[in-house]
Each structure stands twice: as C-alpha cells, then as structure tokens.
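Report on the structure given below.
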Amino acid sequence: MRSQFFADISHELRTPLTVIRGEAEVTLRGKDKPVAEYKTALDRIIQLTEQLNKLVGDLLFLSRSESGTLEIIKRPIPLIDVLLEVHQEAIVLATRKHTTVTLHNRNGTLIVNGDPQRLRQLFMTIIDNAVNYTRPGGTVDVFIDLDGAYGRVVVADNGIGIPEEDLPHVFQRFYRVKQGRQDWLQSGSGLGLPIAKWIAEAHNGTISIASVLDQGTIVTIKLPLHESPSSPSGLIGSP
C-alpha cells in the first residue's frame, strides 16, 4: 500500500509538471508570437502551478494527519459562523463557474465543538466540489439544521452526479470518477474527499454521499453539538 501510495503521488506530481514544461516549450518555439498568445500560455502555467501547490498542500495534510502531528484545536463555535465565511468564498467560485450557491439557515443556534480552520476546510472542500461538478447555470444549496444531538450540514447540487458503482470508492485517495469528456469540468486530485472525511471524523462526526447520475449529488455532514439548542423547532427532514 505504501509503494502504491508513492507511485500515485509521483504520477500526480509528474502530470502538471509535464504540462507546464510543454506549455513553456511550445510558447518559446519558433518565431515571435503575438502578446495575447504569450499571455494565454502564462495564464495556463499559473493555473497549473496553483493546482500543483494545492496538491502538495493536500499531501502534506494527509502526511501530518497520519503521523499524528496535525493539531486540532476545538472550541465551542456557532455552526452558522463557519458556514457564513465559507459561503462568501463559495460565491466567488460560483460566479466564475456561472452557478449559484445559496445558504439556508434552518437553525441559527447550533453550536459545535470544533476547530474553525479545519471546519472551514471541510465545508469549502465539499462546496467547491459541488460547484465544480455542476454545469454552468446550475445550483448548489447548503442547508443547516438539527438532527438529534448533531448539527447537520447538507450540500445538494443538481450537477452531473456520480455513477452508483463509484459511490463506495469516492473517499479513497486518488480515486476519481470517470465522467467522460466535459470541456467545462476541471478534474481534481482525488484527495479532497479523503481529507474531508478525516476532518469530519476528527470531530467525532460523519460524512456521507448520495448521488444519481445526471441528476445531482447530496453530501451530508453531521457534527456533534457542544450543547443542546434552546428549542427543538429546528428538527426537520432532509431536503
């Protein structure tokens, strides 16, 4: 397993590096080119280096989590505070993708015992995935509500969905669903969901995925409450 893991890492790092070199070589080859062509190549190289930087960050996160050196500093925090911050970032991502992200706060009193930085990372990963795998013009809805002794966050999109046979494997490292050719789709590294799962479980929570191909995906995250809400009125069904 360790050998396979390092082989996967090598493959993931080699691909963007090869493309970056190829972009630079093609751009420099031959006679002088229009400024717009150089700009396009540089924009592509910047995009690839950003993807590479994220991949390295994800790998470091997994390495530290396995070695036990990744510190989780928990404190009581309103769940809505975390989601409001993430929602603002998600709006920027969604605008670029011509999609809409809407936050539905069904219970503003939910307080969980968590690490704000890691919870933001968890929710941003899931919402970013939802935006990325939703066609332009699609929607992503984020629901916050009460589920017994847990705060529940549901991220629902009307995107391309996940084939049933792939669902049991989506939390495996480097596993990526083969979606066919989608010109607008930017493929990920296959590390986001494993990291999200680790963060949820580090908070004694759970994460699950339900999906129908060509209809959309629903990700449900449950985190134990730090204290019971003053009113049980937020107890409602899933979207």
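A distance of 8.0 Å separates CG of L193 from OG1 of T125, quoted to the nearest 0.5 Å. Between the CG atom of D128 and the OH atom of Y133 there is a distance of 9.5 Å, given to the nearest 0.5 Å. Distance check: D157 CG to R135 CZ gives 10.0 Å after rounding to the nearest 0.5 Å. Summarising the geometry, atom CG belonging to D43 is positioned 11.0 Å from atom CG belonging to L48; distances are rounded to the nearest 0.5 Å. To the nearest 0.5 Å, the span separating CD1 on I127 from CG on L83 amounts to 6.0 Å. L146 CG to K222 NZ: the interatomic distance, rounded to the nearest 0.5 Å, is 10.5 Å.
Side-chain contact check for I111 versus L225: every heavy-atom pair is 4.5 Å or farther apart. Inter-residue side-chain proximity for T220 and R152 is flagged as met; some heavy-atom pair is nearer than 4.5 Å. Residues V155 and V140 form a side-chain contact, since some pair of their non-hydrogen atoms from C-beta on lies under 4.5 Å apart. A 4.5 Å side-chain heavy-atom check between I77 and V82 finds at least one atom pair inside the cut-off.
Counting only residues at least two apart or in different chains, salt bridge (Lys or Arg N to Asp or Glu O under 4.0 Å) contacts with residues 191-201 comprise K197-E201. Sorted by first and then second residue, the side chain to side chain donor-acceptor pair (under 3.5 Å) pairs involving residues 70-88 (not counting sequence neighbours) are E85-R120.
With sequence neighbours left out, the side chain to side chain contact (heavy atoms under 4.5 Å, CB included) criterion links E89 to M124. Among residues two or more places apart in sequence or in another chain, the side chain to side chain contact (heavy atoms under 4.5 Å, CB included) test is passed with L42 by none. For E23, the side-chain hydrogen bond (donor to acceptor under 3.5 Å, both in side chains) criterion is met by no residue, not counting sequence neighbours. Scanning for side chain to side chain contact (heavy atoms under 4.5 Å, CB included) contacts around D141 gives T102, H104, T139, F143, with sequence neighbours left out. In this structure, the ring-ring contact (aromatic ring centres under 6.0 Å, His included) partners of H169, at least two apart in sequence or on a different chain, are Y175. Listed by chain and number, the residues in a side chain to side chain contact (heavy atoms under 4.5 Å, CB included) with R21 are E25 (sequence neighbours excluded).
Remark: Y150 OH is loosely packed, at most 12 non-hydrogen atoms of other residues, nucleotides or ligands lying under 6.0 Å away.
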N/O donor to acceptor pairs below 3.5 angstrom from side-chain atoms of residues 203-214, sequence neighbours left out:
unit_1: H203; atom_1: ND1; unit_2: I199; atom_2: O; d: 2.9
unit_1: H203; atom_1: NE2; unit_2: D115; atom_2: N; d: 3.0
unit_1: S211; atom_1: OG; unit_2: I162; atom_2: N; d: 2.7
unit_1: S211; atom_1: OG; unit_2: G216; atom_2: O; d: 3.0
unit_1: S211; atom_1: OG; unit_2: T217; atom_2: OG1; d: 2.8

| said: Test side chain to side chain contact (heavy atoms under 4.5 Å, CB included) on L119 and L223; report intermediate values, then the result. | reply: CA-CA 10 Å; L119 290 181; L223 300 170; 3.8 Å; yes
Discussion item. Does L103 form a side chain to side chain contact (heavy atoms under 4.5 Å, CB included) with I144? I'd like the steps, not just the answer.
Written reply: CA-CA 8 Å; L103 178 61; I144 310 172; 3.9 Å; yes
- Please walk me through it: do I80 and L110 pass side chain to side chain contact (heavy atoms under 4.5 Å, CB included)? CA-CA 7 Å; I80 184 60; L110 302 180; over 6 Å; no
Requested in this report: Report the C-alpha separation of V142 and F123 in whole Å, then their side-chain angles, then the decisive distance to 0.1 Å, and conclude whether the side chain to side chain contact (heavy atoms under 4.5 Å, CB included) test is met.
Outcome: CA-CA 10 Å; V142 183; F123 296 129; over 6 Å; no
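The minimum heavy-atom distance between A94 and V101, with the atom names listed, is CB-CG2, 3.6 Å. In plain terms, the two heavy atoms of V170 and P194 that are nearest each other are O-CD, 4.4 Å. Closest heavy-atom contact between A202 and I72: CB-CG1, 4.5 Å.
Under the 4.5 Å side-chain heavy-atom criterion for Ile, Leu, Val, Met, Phe, Trp and Tyr, I195 and L93 are members of the same hydrophobic cluster. By the rule that hydrophobic residues join a cluster once side-chain heavy atoms approach within less than 4.5 Å of another member, I46 and L17 end up as members of separate clusters.
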